[in-house]
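Following: one structure in structure tokens, then a few remarks.
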Protein chains: 2
Amino acid sequence: MRPPAIPPKCGQCVLYTDSRMFCAQLADDEQVELSGQSRTLSMKRGDTLGDSAISCWPIVAVDSGVLSLQHLLQDGRKTITTLFMKGDIIDLRDLSNRNRGALIALGNVKICRLSPKIFEQVVANNPKAQKIVWHNLRDQAFRAIDHSADIAKKQALEKVASFVIECHHRQDTEPKNSHLVKIPLRRIDLAEYLGMQPETVSRCFKTLQKRGILEAKSLNLLHIIDDLRLQRIANGEKEPEIPKSPNAQVLKSA
Amino acid sequence: MRPPAIPPKCGQCVLYTDSRMFCAQLADDEQVELSGQSRTLSMKRGDTLGDSAISCWPIVAVDSGVLSLQHLLQDGRKTITTLFMKGDIIDLRDLSNRNRGALIALGNVKICRLSPKIFEQVVANNPKAQKIVWHNLRDQAFRAIDHSADIAKKQALEKVASFVIECHHRQDTEPKNSHLVKIPLRRIDLAEYLGMQPETVSRCFKTLQKRGILEAKSLNLLHIIDDLRLQRIANGEKEPEIPKSPNAQVLKSA
DNA sequence: CGGCAAGTTGAGCCAGGTCAACTCCGGTGG
DNA sequence: CCACCGGAGTTGACCTGGCTCAACTTGCCG
């Protein structure tokens, strides 16, 4: 089909096979050149790209899995600030002055580290590729903005509800109408991402189940039973509280 | 100097006069064309660009002042998610599926709404301009990420300290060595940005003053006395607590 | 089957939210 | 020039959501 040999390592990568993604928009010669100067890498849970790795290879494209960006404060508190998933292109060039953080895999992750030089060159010359990469970056920015809004003003239950919805939204390949959501992180990581404690996360999932909004197929696989109420909660509408003891009625009028 | 008449409205705008910014990198004919298709606008506190304004003019460049992006939840809770300041270029194209928010001025703000068509054209053809706008977007993304980290894990005092430092950092023109910081928002807006209550913000500033770290020249003008300790607090190091009553010593060993 | 990490449950406590009262300040009009 | 007003900011007292700590259960891997 495509005359110049496409490097075998690219043949399976979503960035190449999915037409909405970056590499799929490259001309053959661009693809060959970029590929030749790039390095794929498989990571497993806990594998880290630290400062040194990042300054060598500051541009990372995610093929599959969930990669997190983590910050650390002096006293050991850790936060997961962003989740990168397939198709995201992470540009960490010249972050010198910022106290960034490390890229840490939350499961099995496949990435491709792109040569900054070729990347830049391609972006400058290929408008279609440029558009995709621009769109992706904008997406990252707005996700971060949304996330900070969630974290700032929502309470625990609302955050968890929002997260479930976002997961459903960003869901891998599945058609959207499926009511199944896979949570692609451990509870602990989720807690760090949402800025809360694992205990609290656990309690929130419990509450959503008790109210008949979610059903747990397994720890990380949920069935959304009542989409509407889930969205209401995520948006901060208070549900009429279910009184804790069934006979302790709340009487409005005396 | 520049032969084709530069539109007078651009002559005073930082985007044009500061060589590190977008319009300064345009060729004369690009500048004339972009300018011709763009609209400047002066806003005062509370002025809002809502959904309709944004969908007409989705690209906004900030000349001066502080512009905020605000989210709203059902029950009226409001959050300021991002602060845009001079030089920022905000690209709000096709946000259809997101429950974005409005751009609201927090003081006097001058903006320029750019024609998406010409903007895109310029970005595609002018690599220098492209680089600037790319860098700016990346900056916005990382600011959002940092902000969400701050909000997620820091406690009130730490957030305020971080904010003061960030202000100092992004400070208008001042040389960095000046120890004066201007807070360019009202307390209420600051509270909304940091995800806390105005009362709490007030108490935090008070604490920083009592500890001799800041001194208030006026409400919005601060003198940083102890830069180091301010940074320590912002990074989550606990200060040895000053016991409230001076004779109630904390004894480690019995 | 044993060992360890992840997840859950319960009890108690505190940072910060909430509410109400008060002060401060800039603008307005008599 | 002063009295008045309204919104912003501050202060104090109280209350609660979610953090903490500790004990327990579950699930996974060798």
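Bear in mind that the values here come from a model prediction, so they are computed numbers and not experimental data.
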Notebook entry, point to check: Ion pair present between B/D139 and B/R170, side-chain N to carboxylate O less than 4.0 angstrom?
Noted result: no
Notebook entry, point to check: Do A/K86 and A/D63 meet the salt-bridge criterion of a basic N to acidic O distance under 4.0 Å?
Noted result: no
Notebook entry, point to check: For B/I183 and D/dG9, what is the distance between atoms CD1 and P respectively, to the nearest whole Å?
Noted result: 12 Å
Notebook entry, point to check: For A/T48 and A/A102, which heavy atoms make the closest approach, and how far apart are they?
Noted result: CG2-CB, 3.7 Å
Would you tabulate the pairs of protein nitrogen or oxygen atoms and nucleotide nitrogen or oxygen atoms of nucleotides 14-16 of chain D closer than 3.5 angstrom?
none

Next item on the list: Grab the CD1-C1' distance between A/I188 and D/dC19 for me, whole Å please.
Entry: 16 Å
Note to self: Going by side chain to side chain contact (heavy atoms under 4.5 Å, CB included), A/L208 matches just one of A/I224, A/I233, A/D226. Which one?
What the structure shows: A/I233
Next item on the list: Measure the CG-OG distance between B/L219 and B/S202 for me, rounded to the nearest 0.5 Å.
Entry: 9.0 Å
Note to self: So for the helix from C/dC1-D/dG30 to C/dG30-D/dC1, with five pairs setting each end axis, what is the inter-axis angle to 10°?
What the structure shows: 40°
Notebook entry, point to check: How long is the line joining CG of A/D189 and C1' of C/dG7, in whole Å?
Noted result: 13 Å
Margin query: Do A/W57 and A/I111 have side chains that approach each other closer than 4.5 Å (heavy atoms only, starting at C-beta)?
Written below: no
Check: Cut-off 3.5 Å, side chains only: do A/N235 and A/Q231 have a donor facing an acceptor?
Finding: no
Note to self: Tell me whether the NZ or CZ atom of B/R187 lies within the 45° cone about the ring axis of B/F205 and under 6.0 Å from its centre.
What the structure shows: yes
Notebook entry, point to check: Does D/dA8 have OP1 or OP2 sitting under 4.0 Å from an N or O in the side chain of B/R186?
Noted result: yes
Note to self: Is the shortest side-chain heavy-atom distance between B/R211 and B/R229 below 4.5 Å?
What the structure shows: yes
Next item on the list: Side-chain contact test, heavy atoms from C-beta onward, threshold under 4.5 Å: evaluate it for A/E237 versus B/D75 and give yes or no.
Entry: no
Margin query: Rounding to an integer number of Å, can you tell me how far A/L194 CG sits from D/dC19 P?
Written below: 11 Å
Checklist line | side-chain hydrogen bond (donor to acceptor under 3.5 Å, both in side chains) partners for A/T81, two or more places apart | finding: none
Just the atom pairs and distances: protein N or O near nucleotides 23-29 of chain D's N or O, under 3.5 Å.
none

Check: What residues, two or more places apart in sequence or in another chain, satisfy salt bridge (charged side-chain N to carboxylate O under 4.0 Å, His left out) together with A/K9?
Finding: none
Next item on the list: Sugar-phosphate means primed atoms, P, OP1 and OP2; the rest is base. With that split, encode nucleotides 9-18 of chain C 5' to 3' as B, S or - using protein heavy atoms under 4.0 Å.
Entry: BBB---SSSB
Next item on the list: Rounded to the nearest angstrom, tell me the gap between atom CG in A/L185 and atom C1' in C/dG7.
Entry: 15 Å
Notebook entry, point to check: Nearest 0.5 Å, what's the CD-OG1 distance between A/Q155 and A/T200?
Noted result: 12.0 Å
Notebook entry, point to check: When the distance from NZ of B/K210 to C1' of D/dT10 is rounded to whole Å, what number comes out?
Noted result: 12 Å
